[in-house]
Each structure stands twice: as C-alpha cells, then as structure tokens.
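Comments concern the structure below.
Numbered from 1 within each chain, the chains take letters A, B, ... in sequence-line order. Only this structure's heavy atoms are used, side chains among them; waters, hydrogens and symmetry mates stay out.
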Number of protein chains: 2
Amino acid sequence: MPVFTMEDLRRKLQERQHKMTPQRQTVLQIFLDHPGEHLSAEDVHGILRSNQLEIGLATVYRSLELLSDLGILQKMEFGDGCSRYEVNTTGPSSHHHHHLICTKCGKVIEFEDDLLENLEQDIMEKSGFNITDHQVKFFGYCKECQDSIEN
Amino acid sequence: MPVFTMEDLRRKLQERQHKMTPQRQTVLQIFLDHPGEHLSAEDVHGILRSNQLEIGLATVYRSLELLSDLGILQKMEFGDGCSRYEVNTTGPSSHHHHHLICTKCGKVIEFEDDLLENLEQDIMEKSGFNITDHQVKFFGYCKECQDSIEN
DNA sequence: CTAGGTGCAAACCCTTTGCAGTAGT
DNA sequence: ACTACTGCAAAGGGTTTGCACCTAG
C-alpha cells in the first residue's frame with residue numbers, strides 16, 4: 001500500500017528541477033488528510049480556505065496537474081462536469097480500486113479488484129497496445145436510491 | 001446486435017410524449033452512418049454542416065442528451081475536454097466493448113469483452129448496488145507510438 | 001390548438017494563460 | 001542570482017439557458 005510522503009514529493013520534484021513550495025506541500029497534505037475522497041480543484045480550494053490557508057485557485061489547478069504528472073495523484077471524471085483527483089494507487093505492487101457511481105444521487109463508492117490484471121496481459125498480446133493503467137466505472141443505483149425508488 | 005432504427009426512436013419518443021423531429025432523426029442518422037466513431041457535439045455539428053444540413057449547436061447538444069436519456073446513445077469522456085457519444089451497445093443480450101486510449105496520440109481503439117458480466121453480479125451481491133452499466137478504459141501506448149518512442 | 005422543440009445569443013462554469021511580482025535552490 | 005512559482009484577472013472552450021418563434025401531434 002504505497003502512501004506518498006512529503007519526502008517522495010521532494011524527491012520527485014528534484015528529479016525534474018521543480019521546486020518544493022509550501023503550496024504544493026499543502027495540496028498534497030490535503031489528499032493525505034482526506035483518504036478515499038475524490039476532490040475537485042474547487043474542493044481543495046474550499047478546504048484550504050476553511051483552514052485559513054488561501055492559495056490561488058490557478059495554483060491549485062497547477063499543483064493538481066503537476067502532482068498527476070509526477071504520478072502522485074490520479075485524475076478522473078465522474079461526469080459531474082469537473083475533474084477529480086485522488087492519491088494514485090496504481091503501480092506494480094498495488095491493488096486497483098474502481099468506482100460504483102450512483103446515477104441518481106451521484107454518490108461514488110469504491111471497491112477493490114485485481115481481476116483485470118490478467119485481462120490486460122491478454123489485450124496487450126492481442127492488440128500490441130502497451131497498457132499502463134486502467135479505469136473501471138460501474139453505473140447503477142445505490143442501496144438508498146433503490147429504496148427511495150420503491151416508495 | 002441491437003442497432004437502433006428510426007422506428008425505435010419514434011417509439012421511445014412517444015413513450016415520453018416527446019416529438020419526432022427532423023433534427024432528432026438527423027442526429028441519430030449520423031451515428032448510424034458513423035459506426036465505431038466517438039463523436040462530440042462539435043463533430044456532429046460539423047458533419048451536419050458538410051452535409052448542408054445546418055442544425056443549431058444548442059439543438060445538437062439537446063438531442064445528444066435526449067438520445068442518451070432514451071438509451072440510444074451512450075455518453076463517454078476520453079479526457080480530451082469534451083463529451084463524446086456512440087450508439088449504445090449495452091443491454092441484456094449485447095456484448096460490451098471497451099476502449100484502449102493511447103496517452104500519447106489520443107487514438108481510441110475498441111475491443112470486445114464480456115468478462116465483467118460475472119463481476120457485476122458479484123459486486124451487486126456484495127455491495128447492494130444495483131448495477132445497470134459499466135465502462136472500462138485502458139490507458140497506454142498504441143503500436144505506432146511505441147515505435148516512435150523507440151526512435 | 002397546444003405542448004413541446006428550435007435557433008440564437010448570452011450566460012455559465014471549469015480550466016488555462018499572460019504577466020508582474022515573489023521565492024526556492 | 002537564476003529560474004521556477006504564485007496570484008490575479010482576463011481569456012478560453014465546451015455546455016447550458018432564456019426567450020421568441022415555430023411545428024409535430
């Protein structure tokens with residue numbers, strides 16, 4: 001279970017001659033403090049504000065993109081009109097987790113799965129595509145919304 | 001292999017007391033004429049123009065949303081900043097197809113798969129989530145981009 | 001005839017960018 | 001010092017909306 005530390009951030013930044021700034025540390029810290037959440041740029045900006053740590057929204061966007069490029073965050077879309085991010089859990093030794101998205105209330109639930117590892121291998125052989133990652137989304141109705149439909 | 005006809009469209013529209021308009025027929029026709037493509041609203045609008053059949057862009061957007069609601073089209077995001085659509089191939093008796101997205105050149109390749117049907121059943125039992133659909137994306141490098149990287 | 005649909009342009013919202021000032025290394 | 005970074009505000013690009021007019025049923 002690879003969790004990133006500030007040291008990882010420092011190292012990855014150095015490798016590309018980028019600088020370790022308080023803003024970047026703070027953005028990473030927010031994701032470490034909010035495991036399992038799928039935060040948008042606005043979410044991050046809002047959390048910052050409520051912590052009395054205002055950072056320019058443009059800087060938040062730039063940090064999110066940078067952290068994604070560094071492989072620390074993973075960008076994803078749930079169809080609500082904005083990009084969302086979470087700490088990257090892909091990689092050689094880690095388990096994938098995927099998302100169940102309720103099409104009624106928009107809630108997102110996670111679940112673990114390694115089933116697709118074999119499939120990737122298979123596809124690489126058949127298609128010549130060199131696969132580095134995958135994302136799976138399941139759509140449907142969560143328990144609560146199923147109940148409310150029955151009413 | 002369920003391909004939608006204009007009759008299907010008419011019926012589905014009637015069920016919701018929506019009207020069968022030339023614009024909606026034309027938009028559906030474009031998807032029938034372009035199988036296997038992932039068209040954005042702008043794409044559709046452009047194809048219309050080149051066919052001398054101008055339809056207001058707003059109407060294109062509204063038609064795409066309606067056709068998705070009716071289950072005729074499927075909306076998807078490939079991370080290029082706009083929503084894309086294709087004829088819906090999900091459903092009780094149909095095969096899913098998923099997408100290989102090249103992270104270098106942006107090309108999207110399709111492949112067939114039923115592997116996740118069992119998984120859906122499994123997840124429904126464990127999570128209580130009522131799954132109606134799923135989307136899978138694989139990211140990596142296509143053959144051509146692998147070659148060009150080696151140069 | 002009447003509800004629903006279209007087209008246009010303006011509004012929206014998320015995201016990116018130019019620029020002048022600031023701060024890591 | 002040199003280069004990268006930040007903050008602001010403006011611009012950008014895809015999508016949605018208000019409104020007057022139109023049209024399918």
Working to the nearest 0.5 angstrom, can you tell me the gap between B:Leu28 CG and B:Thr5 OG1?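 B:Leu28 atom CG to B:Thr5 atom OG1 measures 8.5 Å (nearest 0.5 Å).
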
Rounded to the nearest 0.5 Å, what separation is found between the CD atom of B:Glu65 and the CG atom of B:Leu73?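 These two atoms lie 11.5 Å from each other.
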
If you assign B:Arg16 and B:Arg62 each to the DNA chain C nucleotide with the nearest heavy atom, which residue ends up on the more 5' nucleotide?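 Nearest-nucleotide comparison on DNA chain C picks B:Arg16.
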
If you take any heavy atom closer than 4.0 Å to DNA chain C, which residues from residues 19-33 of chain B end up in contact?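 DNA chain C contact set from residues 19-33 of chain B: B:Lys19, B:Thr21, B:Gln23, B:Arg24.
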
Electrostatic pair [X]-[Y], nearest N-O below 4.0 angstrom:
X        : Y        : result
A:Asp122 : A:Lys126 : yes
A:Asp43  : A:Arg84  : yes
A:Lys107 : A:Glu144 : yes
B:Glu7   : B:Arg10  : yes

Closest to side chain of [X], choosing from [options]:
X       : options              : answer
A:Ala58 : D:dC8, D:dT17, D:dC5 : D:dC8
A:His18 : D:dT17, C:dG5, D:dC5 : D:dC5
A:Ile55 : D:dG7, D:dG14, C:dC8 : D:dG7

Starting from [atom2] on [N], measure out to [atom1] on [X] and report it in whole angstrom.
X       : N      : atom1 : atom2 : value
A:Leu57 : D:dT6  : CG    : P     : 13 Å
B:Leu64 : D:dT16 : CG    : P     : 10 Å
B:Glu42 : D:dT15 : CD    : P     : 8 Å
B:His45 : C:dC8  : NE2   : C1'   : 11 Å
B:Glu77 : D:dG13 : CD    : C1'   : 14 Å
B:Leu13 : D:dA24 : CG    : P     : 13 Å
B:Leu9  : C:dG5  : CG    : C1'   : 14 Å
A:Leu48 : D:dT6  : CG    : C1'   : 14 Å

For the rings on B:Phe138 and B:Phe111, is their centre-to-centre separation under 6.0 Å?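 Centroid separation for B:Phe138 and B:Phe111: below 6.0 Å.
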
Within the 6.0 Å centroid threshold, strictly below: B:His98 and B:His134: yes

Can you check side-chain hydrogen bond (donor to acceptor under 3.5 Å, both in side chains) on A:Thr89 and A:Gln74, steps first, answer last? CA-CA 8 Å; A:Thr89 58; A:Gln74 201 175 1; 4.7 Å; no

Just to confirm, is there a sub-4.0 Å distance from OP1 or OP2 of D:dT16 to any side-chain nitrogen or oxygen of B:Tyr61?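 Result: no.
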
Pair A:Gln29-A:His34, side-chain hydrogen bond (donor to acceptor under 3.5 Å, both in side chains): steps then yes or no: CA-CA 9 Å; A:Gln29 191 59 53; A:His34 294 258; over 6 Å; no

Nearest nucleotide by nearest heavy atom, which residue falls closer to the 5' end of DNA chain D, A:Thr59 or B:Ser83? A:Thr59

Select from B:Lys75 and A:Gln17 the residue whose nearest nucleotide in DNA chain D is closer to the 5' end of that strand. A:Gln17

Using five base pairs at each end to define the local axes, how bent is the helix from C:dC1-D:dG25 to C:dT25-D:dA1, to the nearest 10°?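 Terminal axis comparison yields 40°.
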
